[in-house]
Each structure stands twice: as structure tokens, then as C-alpha cells.
Student: 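Pasting in a structure now, in C-alpha cells, and then I'll have a few things to ask.
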Amino acid sequence: MMLATANPCRWAAARLLPGLILAGLFLLAGFRLPVADAADLPVATAARVAGDEDRTRFIADLTVPVGYTVYVMANPYRVMIDLPQVAFSLPDGAGSKARGLVSQYRYGPVDDAHSRIVLETDGPVLIDKAFLLKPKDGQPARIVVDMVKTTKQAFDAAIAAENDTDTAEAAAEEAPPASGAVAEPERQRKLVVIDPGHGGIDPGAIGVKKTREKDVVLAFGLKLKKELEKTGTIDVVMTRSDDTFLTLRERVKVARENEADLFIAIHADTVRGGDARGATIYTLSEKASDAEAEALAHKENRADIIAGVDLEAENQEVTDILIDLAQRESKTHSLVFAKKAVAEMAPVTAFTGKPMRSAGFMVLKAADVPSVLIELGFLSSKQDESQLTSPVWQQKVAAAMGRAVEKYFATQLAATSP
């Protein structure tokens, strides 16, 4: 991504490339950024797009001036506006209509301290100007971003220059520890990472009655956490325990860094038409078990784009992990757990016609960590949506999955005992 940092004590010019601002961080001197209670947060009260297919302006009205970062990204082409925590009070449907270079825009929280506006564009663009207007004469504070159409070659050249720096920084962060480090004692308790999908700016699937996937999978994940902790022998780490957005890469990183013994990703699906119902448990496979599994994996793997990040183009690492996992016993362990989960859950909830499937889900690509992704049901089904929002149903299914986890670890222990 293209990013330049301005002096926070005064206005400063951002990095220029052939006369065009690619990105910049702007802080208005003399204003303190509001923090603390939600009632004290800055509020985005309106947003609009103007212009044509050569030059387009985006304007966001705010109750107070805030610092922000603006930059461009590709695959797909988009403009990112990163903000401190902001409350959005925009009318329904805001951002859904195309205008000029912008095909649509989205907005919402990224985590508990930051918000984001994502402007999707029809092709490569550069940022001509980006500035913050003070409130004046009854007018609100405004963030203004001017975009201009460019060529793919000019865009790629700009991104490539910045990526050289990003690659060097990433390599430094992921450097192996120095030799001679003292090994930590072996962990006595098993550790499960529970990953409720989506969150924050990404609501996931939307149900018939407007139920949001991110809400039901979080509620289920927290119930499953309690069930596992009741055993007294299993520790649990949640990738998210509130309405926070994490990239797929961040979710995988949680499993790796905690050296998880099992990773469980939780989702809910939707389909157009038909009467699909029931749960499905997916494991990682280089080749999808069927066309439906492949389509679902493709959809979930692009979930980061909702918040403006595309992990599919990240690097070769994820492909290498996929090939590696196919040759390791973690794939076998994943299948063993999936079978136990189906056996325990079948008495308390319905499954689809194929309760176990496989595909190349990116979120399951933590090396050496047995991993499954469970689609609890279909929010496009009124019956499933009713179940998914029922605390009673959630508890029954969470308890069943908890039993499956216990039996899975018990099987492992028996297999390794002398």
C-alpha cells in the first residue's frame, strides 16, 4: 500500500509521484482527537461522491476534525481512508450507487480504536489531493479526497516502489529467533483457537430477517469457549471476542503464535434460491471436494476485501503451506476431529446432504495445526436463521462440539500413550 506520514504538528506535503499525491497522513494542529466514551466519538454525518470518469471527489462530513490516512490498493482497485474510532450516522443505502470513478463505498469499525472507509473504483486511480477542512460558518468539518484516473502501468510502478520497503520490514519481523534460545517447557493443557468469522466492518452473510453472520457466530463461539473451559483441561484463545475485524492472515497468525492444538473457524452461509439447510464441516484440501465447496472457499477467502484488504495476493507463503499441509498428519487429524464433531452434533442439529467437505480455505492454512471450518447453517433459510439466533440451540450445539473436542483429544492421548 502507498503511505506517507506528515508532520503531526503542522500541515505538510505528502509524497508526490508525477505531481500526484499517492497517500498522506493529516493531523490538524490545535485540535485534540476525541477519545473515551462512545457518546464523545466523532460522528460521520454525511458522505457524497461527485465528478466524472476522469476525476472524482469524495467528501465525508464530520462533527469534529480527525486525523486520517488515505492510500490506494489493487486487486481490486480501491481507495482506503483510515480514521480513528468514528461513529457513522449515514442513511441506509449510503455508498451503494456508482458515481464517476467510484463504483461503491463501505464504512465501519476495523477494531475498537480505528474505523475505515473503502472506496471501490472501476480501475486504477491515484490521489490528486486529500485535505481536511475546518468547520466554518455552520458547515461541518470535512475530509475531501480527489481521485484521478490513471494507467495500470503507472499505478503498478507506484505500488512496487512502496512494496520494496514493506517486504524488508516484514522479513525483519519474521526473522527466526537467535540460536541457543532456551526452549519453553511443554504445555500440559491442550489449547483450542476459536475463530468467529467476519466482524467489524465486515458483517458476513445477511439473513432473511437481516440477521448478521458476524453476530451469530460470535455468540456461538463464546458459548463454545465456556463449554471447553468447563473441562478444566483445555485452554481457549478467541481470535475475536467482540465486534472486531481481523484479516485472514491475522486469524491464521493467532493459531501459529499460540501453537494451537486445534483451530475451529465458525461461519454461517447463504445461498440464492433453493431450500438449503443444515450444518457442514470443512477441512483443508488442495482440491475441493465439490463445486459448492470450491465456491464457498473462494467467497470466504475474499472476505478481507470487504474491509479493503486482499490476502489472496499476499505472497507465495499461503500456497506453500497448502501443499505442505496436504503432506502432513495435521490433515489427518483435522478429518478425525471433523468425524467426531459430526457424530456428536448430529443428534442436536441437522446437517446438509454432505456433512463433511473439503476445499482450500485460507483461514485453515496454519501449518501443523489441525483445523476445521464449520458452517452452522444457512441464514438464507428461515428455519436455520431461527435456530442460529436461538440461545437454546446455540448452547446445545456448542455442548455437542465441546464433547467432540474432548473425545478428539482423548483419542490423541490414547494413541500416544505407551
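Source: prediction; values computed, not measured. When reading the values below, keep in mind they use all heavy atoms of this one structure, side chains included, and skip hydrogens, waters and symmetry mates.
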Student: Would you check, one step at a time, whether the test side-chain contact (heavy atoms from CB on, under 4.5 Å) holds for V397 with K223?
Tutor: CA-CA 9 Å; V397 178; K223 285 183 171 59; over 6 Å; no
Student: Could you walk me through whether M345 and F351 pass side-chain contact (heavy atoms from CB on, under 4.5 Å), step by step?
Tutor: CA-CA 9 Å; M345 293 168 58; F351 277 90; 3.8 Å; yes
Student: Any non-hydrogen side-chain atom of L376 less than 4.5 Å from a side-chain atom of Q387?
Tutor: no
Student: If only atom types and distance count, is the side chain of N258 paired as donor or acceptor with the main-chain N or O of V254 below 3.5 Å?
Tutor: yes
Student: Kindly compute the distance separating OH (Y107) from CD1 (I201), expressed to the nearest 0.5 Å.
Tutor: 10.0 Å
Student: Compare every heavy atom of V72 with every heavy atom of V125, then report the nearest pair and how far apart it is.
Tutor: O-CG1, 3.7 Å
Student: Side chains of L262 and K190: does their closest heavy-atom pair fall under 4.5 Å?
Tutor: no
Student: Any side-chain to backbone donor/acceptor pair from R240 onto G197? Under 3.5 Å, distance only.
Tutor: yes
Student: Please list all pairs passing the ring pair (Phe, Tyr, Trp, His ring centres under 6.0 Å) test where one or both residues lie in residues 138-159, with sequence neighbours left out.
Tutor: Y77-F155
Student: Just verifying a value: how many Å separate K225 NZ and M238 CE, rounded to the nearest 0.5 Å?
Tutor: 7.5 Å
Student: S115 side chain to L83 main-chain N or O, any donor-acceptor pair under 3.5 Å?
Tutor: no
Student: How far apart are the closest heavy atoms of S334 and S371, and which atoms are they?
Tutor: OG-N, 2.9 Å
Student: Could you work out, with side-chain hydrogen bond (donor to acceptor under 3.5 Å, both in side chains) as the rule, every residue matching T239, not counting sequence neighbours?
Tutor: D195
Student: Would you check if V144 and R57 make a side-chain contact, meaning some heavy-atom pair closer than 4.5 Å?
Tutor: yes
Student: Does any non-hydrogen side-chain atom of P109 lie less than 4.5 Å from one of Q85?
Tutor: no
Student: Any sub-3.5 Å donor-acceptor pair from R116's side-chain atoms to H114's backbone N or O?
Tutor: no
Student: With heavy-atom distances below 4.5 Å as the criterion, would you say the side chains of E227 and M401 are in contact?
Tutor: no
Student: Which atom pair, heavy atoms only, marks the closest approach of M147 to V79?
Tutor: SD-CG2, 3.7 Å
Student: Rounded to the nearest 0.5 Å, what separates atom NZ in K136 from atom CD in Q139?
Tutor: 11.0 Å
Student: Quick check: closest heavy atoms across D52 and D54, and the distance to 0.1 Å?
Tutor: OD1-N, 2.9 Å
Student: Can you check whether F131's main-chain N or O pairs, donor with acceptor, with Y68's side chain at less than 3.5 Å?
Tutor: yes
Student: With a 3.5 Å distance limit and no angle check, can you tell me whether D384 reaches the backbone of F378 through a side-chain donor-acceptor pair?
Tutor: yes
Student: How long is the straight-line distance from NE2 of H198 back to CG of L218, given to the nearest 0.5 Å?
Tutor: 12.5 Å
Student: Please evaluate residues T121 and T56 with respect to the criterion side-chain contact (heavy atoms from CB on, under 4.5 Å), reporting the C-alpha separation (whole Å), side-chain torsions for both, the decisive distance (0.1 Å), and the verdict.
Tutor: CA-CA 10 Å; T121 61; T56 302; over 6 Å; no
Student: Taking side-chain hydrogen bond (donor to acceptor under 3.5 Å, both in side chains) as the definition, give me every residue that meets it alongside E53, ordered by chain and number, with sequence neighbours left out.
Tutor: none
Student: If you compare all heavy atoms of A276 against all heavy atoms of S381, which two are closest, and at what distance to 0.1 Å?
Tutor: O-CB, 3.6 Å
Student: Taking the side chain as everything from C-beta on, heavy atoms only, tell me whether V192 gets closer than 4.5 Å to I264.
Tutor: yes
Student: Taking all non-hydrogen atoms of both residues, which atom of K152 and which atom of D156 are closest, and how far apart?
Tutor: NZ-OD2, 2.6 Å
Student: Between T352 (side chain) and G278 (backbone), is there a donor-acceptor pair under 3.5 Å?
Tutor: no
Student: Is any side-chain heavy atom of R212 closer than 4.5 Å to one of I206?
Tutor: yes
Student: Could you check whether any side-chain N or O of E375 sits under 3.5 Å from a backbone N or O of T280, counting only pairs where one atom can act as donor and the other as acceptor?
Tutor: no
Student: Identify every side-chain donor-acceptor pair in residues 58-65 under 3.5 Å, counting partners at least two apart or on other chains, and give the distances.
Tutor:
| residue | atom | partner | partner atom | Å |
| --- | --- | --- | --- | --- |
| D61 | OD1 | R48 | NH1 | 3.2 |
| D61 | OD1 | R48 | NH2 | 3.1 |
| D61 | OD2 | R48 | NH1 | 3.1 |
| T63 | OG1 | V43 | N | 2.9 |

Student: Is any side-chain heavy atom of V86 less than 4.5 Å from a side-chain heavy atom of I117?
Tutor: no
Student: Which side-chain N or O atoms in residues 335-344 pair as donor and acceptor under 3.5 Å with protein atoms at least two apart or in another chain?
Tutor:
| residue | atom | partner | partner atom | Å |
| --- | --- | --- | --- | --- |
| K340 | NZ | T411 | OG1 | 3.3 |
| E344 | OE1 | R403 | NE | 3.1 |
| E344 | OE2 | K407 | NZ | 2.6 |

Student: For V236 and L224: C-alpha separation, side-chain torsions, deciding distance, then whether side-chain contact (heavy atoms from CB on, under 4.5 Å) applies.
Tutor: CA-CA 9 Å; V236 178; L224 177 58; over 6 Å; no
Student: Between CG of D202 and OG1 of T244, what distance do you get to the nearest 0.5 Å?
Tutor: 12.5 Å
Student: Please tabulate, for side-chain N and O atoms in residues 89-104, each donor-acceptor pair with protein atoms closer than 3.5 Å (sequence neighbours left out).
Tutor:
| residue | atom | partner | partner atom | Å |
| --- | --- | --- | --- | --- |
| S96 | OG | G93 | O | 2.6 |
| S103 | OG | E120 | O | 3.3 |
| Q104 | NE2 | E120 | OE1 | 3.0 |

Student: Just by distance, do the side chain of T389 and the backbone of E385 share a donor-acceptor pair under 3.5 Å?
Tutor: yes
Student: I need the F263 CZ to I194 CD1 distance, nearest 0.5 Å.
Tutor: 10.5 Å
